There are 2 protein chains.
Amino acid sequence: MKKDRRIDKSKNALKEALICLMNEKEFKSITITEIVHLANLNRGTFYKHYPTQEELLNELIEDILNDLIDSYREPYKTMKNFEVGKMSSSSIKIFDHVERYSRFYTIIINSNVLPGFQNRVCQVLKELVQHDLAAVKPEANIDRSLLSSYNAYALFGLIIEWVNGGYKFTPHQMAEQLLNIILYQTPRESIEAVADTNKLS
Amino acid sequence: MKKDRRIDKSKNALKEALICLMNEKEFKSITITEIVHLANLNRGTFYKHYPTQEELLNELIEDILNDLIDSYREPYKTMKNFEVGKMSSSSIKIFDHVERYSRFYTIIINSNVLPGFQNRVCQVLKELVQHDLAAVKPEANIDRSLLSSYNAYALFGLIIEWVNGGYKFTPHQMAEQLLNIILYQTPRESIEAVADTNKLS
DNA sequence: AGTGAAGTGTTGACTAACGAACATCTGAAT
DNA sequence: ATTCAGATGTTCGTTAGTCAACACTTCACT
């Protein structure tokens with residue numbers, strides 16, 4: 001028995017409405033009545049799924065982080081024995097994820113609401129990078145935690161700059177920028193060695 | 001008891017899906033399964049409201065014509081003793097209507113599917129114009145049917161050109177164009193006399 | 001001719017979402 | 001301090017939409 005699609009439709013409508021309202025006013029001042037009005041749903045439907053606005057926001061954040069993880073791992077589904085050199089910019093999906101939730105990222109990053117979100121994104125990125133590193137033979141004198149954190153925050157910096165600049169580039173252009181940075185910033189002779197540590201997006 | 005909003009949501013999803021599919025393929029080749037798949041609805045939901053695709057299309061057309069009528073009459077709600085000279089381009093809503101259903105208008109006008117639709121639009125426009133004329137004192141030697149048809153098709157010509165040109169103007173610019181044509185094409189001394197016959201949009 | 005994949009039309013049991021109504025609670029205006 | 005409009009949290013009966021399953025048709029391909 002497949003899951004009833006009405007549930008997802010209602011939940012998505014509520015989350016979409018919440019993002020929309022967060023664009024306009026402070027989260028704390030958003031009422032449940034406002035949310036269901038914008039979502040075009042009965043108020044009882046809200047209470048069937050969430051006790052408070054905070055719980056709705058929490059689930060939205062979980063959705064976004066899960067989509068971030070899926071997007072990051074997207075290239076891995078098709079390839080094996082990953083190599084940055086053979087990676088095409090179109091296979092990098094993490095910037096598509098950011099664009100998908102661009103309104104939310106703009107709210108969070110440009111303002112100071114929900115400061116913990118940025119840290120959670122970085123933490124997730126770091127774990128994703130670290131997981132990749134685990135499958136690669138160790139590099140001399142480089143601590144894995146340090147290296148993964150280095151790469152995770154570098155990627156996050158790219159995202160921050162993109163968001164704060166008002167999305168002046170397409171996701172594809174961002175992917176190209178990332179590839180260029182990875183491939184040409186690294187000293188030529190060590191590209192192959194480091195390549196496997198940079199399985200970004 | 002207000003009407004159950006689930007009905008409108010489902011019907012709108014089906015109509016939106018139909019427009020989307022008509023953009024890509026011939027109407028006759030569109031299956032019900034395709035429609036409900038794109039609308040993200042159960043097939044039974046379709047049959048609960050419509051026996052065939054044709055009936056869905058018919059109701060969509062009725063929706064569009066009703067919205068056309070509402071949009072045309074929008075300025076009348078706020079004003080009495082209508083005068084074109086005092087009419088602002090922002091009060092003209094008929095081009096907003098066309099933009100709202102722009103995808104549908106493009107399909108119908110650029111191609112030859114559903115040729116009857118254009119005639120129905122013109123007929124509706126003519127009746128709207130004629131209804132306005134009925135409230136105005138008769139002009140010497142001008143047949144009312146001819147005058148209303150003249151104005152209705154003139155307006156339709158504006159729309160056709162706009163659609164075929166790929167919507168190169170905003171609805172507001174179109175409204176300004178219409179006002180300019182009405183006000184400056186007419187001989188100066190007869191503006192007042194004809195003004196009331198041009199309650200367009 | 002015959003096979004099979006895909007669309008059609010319908011049914012039945014189940015449930016999420018519906019409107020309406022209720023008794024609170026809140027907070028800004030008086 | 002009082003009022004009162006608006007938000008909250010909950011309940012109840014109803015219904016639109018859900019999935020799954022069915023028999024049937026269509027038609028392209030073998």
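Values in this document were obtained by computation on a predicted structure and should not be read as measured data. Convention: sequence-line order gives letters A, B, ...; per-chain numbering from 1.
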Open item on the list: Tell me the interatomic distance from A/Lys48, atom NZ, to D/dT8, atom P, rounded to whole angstroms.
Closed with: 19 Å

Open item on the list: I need the minimum non-hydrogen distance between A/Val121 and A/Leu65, along with the two atoms involved.
Closed with: CG2-CD2, 4.0 Å

- [ ] Determine whether the aromatic ring centres of A/Phe169 and A/Trp162 lie less than 6.0 Å apart.
- [x] no

- [ ] Indicate the ring-plane relationship of B/Tyr50 and B/Phe46, choosing parallel, tilted or perpendicular according to the 30° and 60° boundaries.
- [x] tilted

TODO: Name the nucleic acid region contacted by A/His37, choosing base, sugar-phosphate or nothing; use a 4.0 angstrom heavy-atom cut-off, strictly under.
DONE: nothing

Task: Verdict with reasoning, A/Leu41 to A/Ile35, per side chain to side chain contact (heavy atoms under 4.5 Å, CB included) - done: CA-CA 9 Å; A/Leu41 289 169; A/Ile35 295 172; over 6 Å; no

Open item on the list: Give me the atom names and distance for the closest heavy-atom approach of B/Pro75 to B/Ser91.
Closed with: CG-O, 3.1 Å

Task: Spacing of A/Leu41 atom CG relative to C/dA16 atom P, expressed in whole Å - done: 14 Å

TODO: Side-chain contact test, heavy atoms from C-beta onward, threshold under 4.5 Å: evaluate it for A/Glu59 versus A/Glu54 and give yes or no.
DONE: no

Open item on the list: Using every non-hydrogen atom in the two residues, find where A/Phe27 and A/Leu18 come nearest and quote the distance to one decimal.
Closed with: CE1-CD1, 3.8 Å

Open item on the list: Check the phosphate of D/dG17 against B/His49, side-chain N and O only, distance under 4.0 Å to OP1 or OP2. Yes or no?
Closed with: yes

Task: is_close_aromatic(B/Tyr105, B/His97), centroid dist under 6.0 Å - done: yes

Task: Shortest non-hydrogen contact between A/Ser145 and A/Lys126, atoms and distance - done: O-CE, 4.0 Å

Open item on the list: Would you say NE2 of A/His172 has more than 12 non-hydrogen atoms from neighbouring residues, nucleotides or ligands within 6.0 angstrom?
Closed with: yes

Open item on the list: Please report the end-to-end axis angle for the helix from C/dA1-D/dT30 to C/dT30-D/dA1, five pairs per end, rounded to 10 degrees.
Closed with: 40°

TODO: Specify the separation, in whole Å, of atom CZ of B/Phe46 and atom C1' of C/dG7.
DONE: 13 Å

Open item on the list: Can you confirm if the aromatic rings of A/Phe104 and A/Phe117 lie within a centre distance of less than 6.0 Å?
Closed with: yes

Open item on the list: Among residues 3-11 of chain B, which ones have heavy-atom contacts with DNA chain D below 4.0 Å?
Closed with: B/Asp4, B/Arg6, B/Ile7, B/Ser10

Distances for protein N/O vs nucleotides 8-12 of chain C N/O pairs under 3.5 angstrom?
from: C/dT8; atom 1: OP1; to: B/Ile32; atom 2: N; distance (Å): 3.4
from: C/dT8; atom 1: OP2; to: B/Ile32; atom 2: N; distance (Å): 3.2
from: C/dT8; atom 1: OP2; to: B/Thr33; atom 2: N; distance (Å): 3.1
from: C/dT8; atom 1: OP2; to: B/Thr33; atom 2: OG1; distance (Å): 3.1
from: C/dG9; atom 1: OP2; to: B/Tyr47; atom 2: OH; distance (Å): 3.1
from: C/dG9; atom 1: N7; to: B/Arg43; atom 2: NH1; distance (Å): 2.7
from: C/dG9; atom 1: O6; to: B/Arg43; atom 2: NH2; distance (Å): 3.3

